[in-house]
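Report on the following structure.
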Amino acid sequence: MSEHHEPLPVERKLLTPGVYVLLLLTFIGVCFAAWRFIFGLSSVTNLDQQHPWGLWIAFDVATGVALAAGGFTAGALAHIFHREHYHAIVRPALLTAMLGYTFVGIGLMADLGRYYNIWHPAMPWMWSPNSALFEVGMCVMLYLTVLYLEFAPIVCERFQKYDKRFALLTNLSDRVYPILNKIMPLLIIAGVVLSCAHQSSLGNLMVLVPSKMHPLWSTPIMTILFLLSAIAVGFPMVIFEGMYAAWSLKLKPEMHILSKLAKYIPVLLGAYLGFKIGDMAIRGSYVYLGEGSTQSTMFIIEMVFGVIVPFVMLLSARVRNSPGWLFLASLLVVLGVALNRINVFLVAFMPLYPVKSYFPAIGEIAVTIGLVSLLMFLYRVVVTYFPVITHPGKVRAA
Amino acid sequence: MSLNRREFIKAAGLAGIGGSACLLGERAQASEARSPSPDAMGVLVDIPKCIGCRRCEYACQEAAGFDPPPIETFEDKSVFEQARRPQPRSHTVINRYANPQDQANPVYNKFNCMHCVDPACVSACLVSALSKQEDGPVVYDVSRCMGCRYCLVACPFEIPTYDYDMPLKPQVRKCNLCAHLVPEVQDVPACVKICPQEVLTYGKRSELLELAHEKIVTAPDVYIDHVYGEHEAGGASWLYLSSVPFDQVGFKHFDHKAPPRLTEKIQHAEFKYFLPPLMWFGLLGAAMWLTKPESGGTSHE
Ligand code: SF4
Ligand code: SF4
């Protein structure tokens, strides 16, 4: 397969002032996390018997999984449907997914009471196929493995092409690379199947508790809504992070690819919107829209600013071709899906016997911000040293 | 560059197929309701008889190995000012409610695990740490537990609690119907044994149900015609008789269908025998092969 331009390590100075800020935020998060591991969940979180799940599950886990969907949607587009034009976005999307899922795992460790038992779902004698959470756990574990394998060739390339200081690693890379390339199609398909399976199962989690869910979100088709919204947020996430990375690394964003990619978004987002409206119409839940409660307000914000506005915006070619507008529209979709996950797991969750209401504690927020900062730092480290980003500045003449 | 129609149709088609496959799968799978085992034991609570002495709270803490304070301290009625919920070290609680028929005589209700016939907590647990025994109790095996607390989320009666303050070995805490004592050490659960008013009757669920309906028929002026726990959320091993409507003594209204019936149906449609995922694998493989550009080179269309 001949490539017109290929990804290269960015080779920019790593420790900029912005990076120091990221490291500081990470450090603060690590301190709170250490506190949690020494003194228990109640010392850092606002969780109580009526609110067993808080920010860490709603954001670090559920939102993390949703926003990492760019990895499988981009992979499917470029490799399964052979839209070769989009090869340049596959690696950054893959990196986001790999780091994203790694952080889902780390975030989950902080939240699990017995984090040292995190491997239990993988053991056949513990299996519990009736549980939606079991499927989520299994698929995430398998998918994480697939993601690391999909990323391995990129690591090999560094030692084959750009860094020959370690003969052993170069040798190893030469040997592993062809094998990885041979099984790559299988890995890519497996990644898509596993993603669809757990993205939708994640939606099934709250179907089990209709009595505690606000009717605006509580629907048996939550699996479908979660899957559709994950698919819809994939490309906006790729565009958002692609443009953000370009800006922060002082590269030119690859508008010729991104605006073309943006044409898919209204279709995918439209499908999600259609199901969402259809569901509301069939269940008659629209009667709760005018309730004036926190729940109804959050639902309206989620739907209007997270789905309808970016949907309409992205129908216009002007928006898709302008870096600023495209960035804004993509960001809205990303925030909209993030808000949906937070709404489903926190806002819509209404205990029957509440003692107090839940709002994340400083420590929970600090750990989450620390995780996101560490993720952004690692993203920067990886693109600096490994061939992930295709820079338009260095396109080889075709 | 002009709009590429084929790409649009394909992408939309993908989303459509995903949705309809879920729907079809959902319909294709039947999921049977779990029916109560004939050997399942349970407890019938005769709410009007309870005097709120809280001895059951004491007995429960003792049976669970928590070293309760002396039994006299449980005579403290000030705790009734607030409606309480089960706690990690107190798996059953008695709450006081105003009696609309007789202001002088408040009603007391007992809250603990209902030992559901088709428990949501068991269906939720991803490592089978919670299980329903044939003879009734829903029991917890801490050696499997990861502490994800999905069981707390899932329980419709909001019963299990968690040791949030324990950094190393937190547990899910709830009533186990004294499964660690009955029948080896004693014949009936600790709360049933200690109750001085015979509020609690331990026995086979089927026989308790007969007894409950008999009581309603013989004393229709005392009991309302509703056995709470007979059908709520799929039914429970704990059954309650009351003189006032159940929503006035701290109970909520539930569908008769057990919540796991729906989620398990969806889950199985998606995953049964790994067939649906394999089918997807094949379909995507076919798509990958079919849309492969013929030259093997870069396609720009
Ligand atoms: S009451 Fe709750 S904890 Fe008890 S068996 Fe039912 S679902 Fe499980
Ligand atoms: S907290 Fe433990 S018992 Fe409850 S669902 Fe999670 S693993 Fe199962």
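Here is the naming used below: chain letters follow the sequence lines, and residue numbers restart at 1 for every chain. No hydrogens, no waters, no symmetry mates; every other heavy atom, side chains included, goes into these values.
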Which heavy atom in A:Ile189 sits nearest to a heavy atom in B:Gly285, and how many Å separate them? CD1-CA, 3.4 Å
Region of A:Ile57 in contact with chain B, defined by heavy-atom distances below 4.5 Å: neither
Determine the option with the most heavy-atom pairs under 4.5 angstrom with chain B, choosing from A:Met222, A:Met206, A:Gln50, A:Lys212. A:Lys212
At under 4.5 Å between heavy atoms, what parts of residues 157-164 of chain B are in contact with chain A? List them by residue number. B:Phe157, B:Glu158, B:Thr161, B:Tyr162, B:Tyr164
About how many Å separate CG of A:Leu194 and CZ of B:Phe281, when rounded to the nearest 0.5 Å? 8.5 Å
Let me know if B:Gln82 has heavy atoms under 4.5 Å from chain A in its side chain, its backbone, both or neither. neither
Run the side-chain contact (heavy atoms from CB on, under 4.5 Å) test on B:Val142 and A:Arg114 for me, step by step, so that the C-alpha distance in whole Å, both residues' side-chain angles and the decisive distance to 0.1 Å come before the verdict. CA-CA 10 Å; B:Val142 66; A:Arg114 296 193 166 212; 3.4 Å; yes
Is the side chain of A:His82 donor-acceptor paired with the backbone N or O of B:Met288 at a distance under 3.5 Å, no angle test? yes
So, taking the atom named NZ in B:Lys169 and the one named OH in A:Tyr116, what distance separates them when rounded to the nearest 0.5 Å? 6.5 Å
Heavy-atom distances under 4.5 Å only: say whether A:Leu205 touches chain B with side chain, backbone, both or neither. both
Taking the side chain as every heavy atom from C-beta outward, state whether B:Arg149 and A:Asp111 have any atom pair closer than 4.5 Å. yes
Over 60° means perpendicular and under 30° means parallel, so tell me whether A:Trp53 and B:Tyr150 are parallel, tilted or perpendicular. parallel
Pair A:Leu133, B:Met146 - check side-chain contact (heavy atoms from CB on, under 4.5 Å), show working. CA-CA 12 Å; A:Leu133 194 56; B:Met146 306 161 67; over 6 Å; no
Non-hydrogen atoms of chain B under 4.5 Å away: do they reach the side chain of A:Phe37, the backbone, both or neither? backbone
Find the one option among B:Met166, B:Lys252, B:His253 whose heavy-atom pairs under 4.5 Å with chain A are most numerous. B:Lys252
If you measure from CG on B:Leu168 to OH on A:Tyr115, what distance do you get to the nearest 0.5 Å? 5.0 Å
Check whether B:Asp165 reaches the backbone of A:Ser42 with its side chain - one donor and one acceptor, N or O, closer than 3.5 Å. no
Checking heavy atoms, do the side chain of A:Pro185, its backbone, both or neither come under 4.5 Å from chain B? both
Passes side-chain contact (heavy atoms from CB on, under 4.5 Å), B:Trp280 versus A:Val192? Steps please. CA-CA 9 Å; B:Trp280 279 106; A:Val192 176; over 6 Å; no
Would the distance check show the side chain of A:Asn204 and the main-chain N or O of B:Thr263 forming a donor-acceptor pair, the cut-off being under 3.5 Å? yes
Looking only at B:Cys145, B:Ala233, B:Pro86, most heavy-atom pairs under 4.5 Å shared with chain A are made by B:Cys145
Which distance, rounded to the nearest 0.5 Å, do you find between the CZ of B:Arg144 and the OG of A:Ser128? 9.0 Å
So which bits of residues 120-130 of chain B come within less than 4.5 Å of chain A, counting non-hydrogen atoms only? B:Ala120, B:Ser123, B:Ala124, B:Cys125, B:Leu126, B:Val127, B:Ser128
Given A:Leu41, A:Thr45, A:Thr73, A:Ile38, the one with more heavy-atom pairs under 4.5 angstrom with chain B than any other is A:Leu41
Considering only heavy atoms and a distance below 4.5 Å, find which of A:Leu352, A:Val207, A:Val193, A:Val209 pairs most often with chain B. A:Leu352
Largest heavy-atom contact set with chain B, pairs under 4.5 Å, which of A:Ser259, A:Gly40, A:Pro210: A:Gly40
Grab the two heavy atoms, one from A:Ile80 and one from B:Leu284, that are nearest each other, plus how far apart they are. CG2-O, 3.6 Å
Please look at A:Tyr272 and chain B and tell me whether the side chain, the backbone, both or neither of the residue comes under 4.5 angstrom of a heavy atom of that chain. neither
Note: vs chain B, highest number of non-hydrogen pairs under 4.5 angstrom among A:Leu77, A:Leu108, A:Ile188, A:Leu186 is A:Leu186
Of all the heavy-atom pairs spanning A:Asn130 and B:His268, show the shortest one and how long it is. OD1-NE2, 2.8 Å
Heavy-atom closest contact (A:Ser201 atom, B:Gln267 atom, distance): OG-NE2, 2.9 Å
Identify the two heavy atoms, one from B:Ala154 and one from A:Leu208, that lie closest to each other, and give their separation to 0.1 Å. CB-CD2, 3.6 Å
Non-hydrogen atoms of A:Asn117 and B:Ser143 that approach each other most closely: ND2-O, 4.2 Å
Please classify the contact between A:Ala190 and chain B as side chain, backbone, both or neither, with a heavy-atom cut-off of under 4.5 Å. both
